[in-house]
Amino acid sequence: MKISKYIVPTMKEDPSDAVVASHRLMIRAGLIRKEAAGMYAYLPLGFRVLKKVINIIREEMDKAGGLEFLMPELTNADLWKESGRWDTMGPEMFRIQDRNKLEYALAPTHEEAFTNVVRSIISSYRDLPVNVYQINTKFRDEIRPRFGVMRSKEFIMKDAYSFDIDEEGLEESYQKMRATYRSIFERCGLETIPVQADTGNMGGSNSEEFMVASEIGEEALLLCSCGYRANQERADFYRELTKSGEEQKEIEIVDTPDVKTIDDLVSFFNCSAEKFLKSIIYLADNKPVMAVVPGNREINELKLKNTLGAVELELAPDNVVEEVTSAPVGFAGPVNGLNVRTVFDISVRYIPNAITGANEKDKHFKNVNPERDFAVKEEADISTAEEGDPCPECKKSMTVKRGIEVGHIFKLGYKYTKAMNVTVQNEKSQEITPIMGCYGIGVNRTLAAIIEQNYDERGIIWPLSVAPFHVHLVGIAKSDEEVKTVEEIYNKIQDSGLEVLYDDRKVSPGFKFADADLVGIPVRITVGKSYFTNNEIELKFRHSKDILKISVEKISEFLSEYRKLLSDGNVSIQKLSDFLK
RNA sequence: CGGGAUGUAGCGCAGUCCGGUAGCGCGCUGCGUUCGGGACGCAGAAGCCGGGAGUUCAAAUCUCCCCAUCCCGACCA
């Protein structure tokens, strides 16, 4: 492809609204343009990369026995009502009506749609297992689209759904996808960290997220050297739960004017934060509940939500807090039994002589003792694991890293097959309900994550497997004759079967080199001065500074080797540069 | 939805306090000179100053209302 006939609108300056590297570079290198917040147009160069990522996913899915579908993006409300998610999906689902006032959703995910189509097709245990998938656009009315294509309102997702006759089968399907995901991300040149995760509103039990370590990641991960890896949302941690020997003192009420936050309390009472019982009022499905954790801990809202079995959980507004505690915000506590459901963190009962709000303005209790001064009826782990907390498996101290979630695999269980009444006959002619798994990959996000992991101050450094072109040919010709010579080389590279982007523009060499670095094609071939004087072609790998001067014959060999490695699916920069030695 | 910021030429910005001729850099067009790491000269084109209402002789600039975009928190691939 000649640049003069293509569209590569590169920009020297960073766009003002891009903060993270991938977003900046995708716009500067001419891969995407913003249409509106959370909506992006892919330009030809960006679309080529996107297609390469899609192809890798498709190849690996097909290899694993996945069957590719294409589902409608507009889904009937009846489907969602059948599974019960019409009410639970919340405002992130785009809902629309047609001219007859029938309700639809722009699909944010496709469990229902696939379950529906599969149930109409399968009828026997012999039809199972089956793994169906698609690569298609999803719509989510994100509260805040962010970071370019990393989090957008419209995005491409590969979503797969497995149906098995029993849990054993599901385990097999799940493990197969687990392995498939590893190879997909590996082929994309991405290093991923699989972590245990929450299943969110997808339902189900077991789930694992594939994370790309990155400073800009929106998830915090807890990692242990023993191999324990979990999303902070659901990470467990080990706790030494023993009664302290401390003698129980007499409960006292203390005047604490304007002392509301844990920080205030620490300086007021001059003791450590873990002595306080942090008591927070939430609204769980619009009903007030209180959660109590030690003052040095954060409440893990997801754990709390799961404990409560709630669909929606949010901090209660001030007026609700005042109503429930009959005191301003900041003085809640479990002592004189409030009339709300209260969940205590499992560590609370082991805190002697604690300090807590008195449910009265400017008053706190000190020397509060669990069970003596209040009943601990409902207990759960509702604390967030933090950096340095002991690993739940080996008790060693865990570290925290940030990550971008590029893939997520779930064991869904029977949630959809039961709700939507999917059955097949087993060998005894009995009706059984298949069990499901579901497996997603954010395609655009994967692309952005690839850039996040592969760039420098000059631009993108594409892994060979997803580069928009295999070779970037820079021609520096001064006369018509020289132009013709470069063109012959261009034809030769094309004939070798490689995808080549040929910079044939009439601009200065520096301009072309800078653009080549920005666009980031892994192999750059320059035909210029040294060719016209010494018959040597210059080759430069994007990831290194070295410029190699190579004879025409050797270049031909190099190109056919490159071509061969690509078709073997076995190409790496290492192998390519080794070939030149 | 809460908190913060910004909308001026295709892109990046100044001008706004203190009302009075709309500006700079990049890019773009033409001609010429250049030609190995974002070349130079000359000549050009291009802006309802986010939208609406108001104050004023006069508004990019002051007031009010709307809209959009970005950043920080809750949602998620």
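Numbers restart at 1 for each chain; the letters A, B, ... are given by sequence-line order, proteins then strands.
Between the base of B:rG12 and the side chain of A:D14 there is no donor-acceptor pair shorter than 3.5 Å. No donor-acceptor contact under 3.5 Å links the side chain of A:R144 to the base of B:rC75. Side-chain atoms of A:R140 stay outside donor-acceptor range of the base of B:rC76, with no qualifying N/O pair under 3.5 Å. Judged by distance alone with a 3.5 Å cut-off, no donor-acceptor contact links the side chain of A:E301 to the base of B:rC75.
Comparing A:I156 and A:S530 along RNA chain B, the residue whose closest nucleotide (by nearest heavy atom) sits nearer the 5' end is A:S530. Summary of the strand contacts: A:A18 and A:E405 both lie near RNA chain B, and taking for each the nucleotide with the nearest heavy atom, the more 5' one is attributed to A:A18.
Within the shown strands, B:rA5 is the pairing partner of B:rU69 under the Watson-Crick or G-U definition, both distances less than 3.5 Å. Across all strands shown, the partner of B:rU63 is B:rA53, judged by Watson-Crick or G-U wobble contacts whose two distances both fall under 3.5 Å. When Watson-Crick and G-U wobble pairs are counted only if both distances are under 3.5 Å, B:rA74 pairs with no nucleotide at all. The base-pairing partner of B:rA43, taking Watson-Crick or G-U wobble contacts with both distances under 3.5 Å, is B:rU29. Checking B:rU34 for Watson-Crick or G-U wobble geometry (two distances, each under 3.5 Å) identifies no partner in any strand. For B:rC13, the paired base is B:rG23 (Watson-Crick or G-U wobble, both distances below 3.5 Å).
Nucleotides B:rU21 and B:rC49, compared at atom C1', are 15 Å apart to the nearest Å. Nucleotides B:rG25 and B:rC18 are separated by 27 Å at their C1' atoms, to the nearest Å. For the P atoms, the distance linking B:rA14 with B:rU6 amounts to 10 Å, nearest Å. Nucleotides B:rC11 and B:rU34 have their C1' atoms positioned 26 Å apart, rounded to a whole Å. Between B:rA39 and B:rU61, the two P atoms lie 39 Å apart (nearest whole Å). Look at the P atom in both B:rG12 and B:rA53: the space between them is 28 Å, to the nearest Å. Nucleotides B:rA22 and B:rA60 place their C1' atoms 8 Å apart, quoted to the nearest Å. Across B:rA59 and B:rC1, the matching C1' atoms stand 34 Å from one another, rounded to whole Å.
For A:F511, the side-chain atoms get nearest to B:rG38 when compared with the rest of B:rG38, B:rU69, B:rC76. Side-chain proximity of A:E13 to B:rG25, B:rC70, B:rC35: nearest is B:rG25. When the nucleotides B:rC70, B:rC76, B:rC75 are ranked by their closest atom to the side chain of A:V19, B:rC70 comes out on top. Side-chain atoms of A:F147 lie closest to B:rC72 of the nucleotides B:rA77, B:rC11, B:rC72. Closest to the side chain of A:D517, from the set B:rC75, B:rG37, B:rG38, is B:rG37. If you check B:rC75, B:rC35, B:rG38 against the side chain of A:K12, the one that comes closest is B:rG38.
Taken from CD1 in A:I135 to CD1 in A:I156, the straight-line distance is 9.0 Å, to the nearest 0.5 Å. Atom CD1 of A:I547 is separated from atom OG of A:S530 by 9.0 Å, given to the nearest 0.5 angstrom. Between the CD1 atom in A:I550 and the CG atom in A:L539 there is a gap of 4.5 Å [rounded to 0.5 Å].
Cation-pi contact between A:R48 and A:F469: present, with separation from the ring centre below 6.0 Å and deviation from the ring axis of at most 45°.
Residue contacts for A:E482: at a heavy-atom cut-off of 4.0 Å it reaches no nucleic acid atom on any strand shown. Among the heavy atoms of the strands lying under 4.0 Å from A:G528 is at least one base atom, whether or not backbone atoms are also near. Residue-level contact check: A:G442 touches the bases, meaning some heavy atom is under 4.0 Å from a base atom. A:K478 comes within contact range of the sugar-phosphate backbone alone, with a heavy-atom separation under 4.0 Å but no base atom that close. At the heavy-atom level, A:S152 lies under 4.0 Å from base atoms of the strands shown.
We find that the ring of A:F155 and the base of B:rA77 stack, their centres lying under 5.5 angstrom apart and their planes tilted less than 30°.
With sequence neighbours left out, A:N55 forms a side chain to side chain donor-acceptor pair (under 3.5 Å) with A:R58.
Nucleotide B:rC76 holds its P atom 13 Å from the CE atom of A:M211, rounded to whole Å. Nucleotide B:rA77 holds its P atom 19 Å from the CG atom of A:L50, rounded to whole Å. The interatomic distance linking A:L313 (CG) with B:rC1 (C1') rounds to 16 Å, in whole Å. Between A:F532 atom CZ and B:rC35 atom C1' there is a gap of 12 Å when expressed in whole angstrom units. One can place CD1 of A:I441 at 13 Å from P of B:rA77, the figure rounded to the nearest angstrom. Summarising the geometry, the separation between CG on A:D515 and P on B:rG37 is reported as 15 Å, rounded to the nearest angstrom. Between A:K138 atom NZ and B:rC76 atom C1' there is a gap of 14 Å when expressed in whole angstrom units. Rounded to an integer number of Å, the gap from CZ of A:R85 to P of B:rC76 is 11 Å.
Checking the phosphate oxygens (OP1, OP2) of B:rG12, a side-chain nitrogen or oxygen of A:S16 falls inside 4.0 Å. Regarding contacts with the backbone of B:rG73, a side-chain N or O of A:R146 is found under 4.0 angstrom from either OP1 or OP2.
With 3.5 Å as the limit, one finds a donor-acceptor pair spanning the side chains of A:S162 and A:Y439. Side-chain contact of A:Y133 with A:D62: a donor-acceptor pair under 3.5 Å is present, judged by distance alone. Checked by atom type, the side-chain pair A:E208/A:Y181 shows no donor-acceptor distance below 3.5 Å. Between the side chains of A:E60 and A:T180, no donor N or O sits under 3.5 Å from an acceptor N or O.
Ring-plane geometry between A:F410 and A:H408 is classed as parallel, the angle between the planes falling under 30 degrees on a 0 to 90 degree scale with a further cut at 60.
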Please produce a list of atom pairs where a protein N or O lies less than 3.5 Å from an N or O of nucleotides 3-7 of chain B.
none

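For RNA chain B, the residues of residues 24-40 of chain A within the heavy-atom distance limit of 4.0 Å (strictly under) are A:R28, A:K34, A:A37, sorted by number.
Because its glycosidic torsion is within 90° of 0, B:rU21 is reported here as syn.
In this structure the side chain of A:T526 never reaches within 4.5 angstrom of the side chain of A:K540, judged on heavy atoms. Residues A:S479 and A:E482 meet the side-chain proximity criterion, which asks for heavy atoms closer than 4.5 Å.
Exactly one residue among A:K12, A:R505, A:R28, A:R458 makes a salt bridge (charged side-chain N to carboxylate O under 4.0 Å, His left out) with A:D515. That residue is A:R505. Tested against A:I460, the residues A:I521, A:D517, A:V519, A:L31 include a single side chain to side chain contact (heavy atoms under 4.5 Å, CB included) partner, A:L31.
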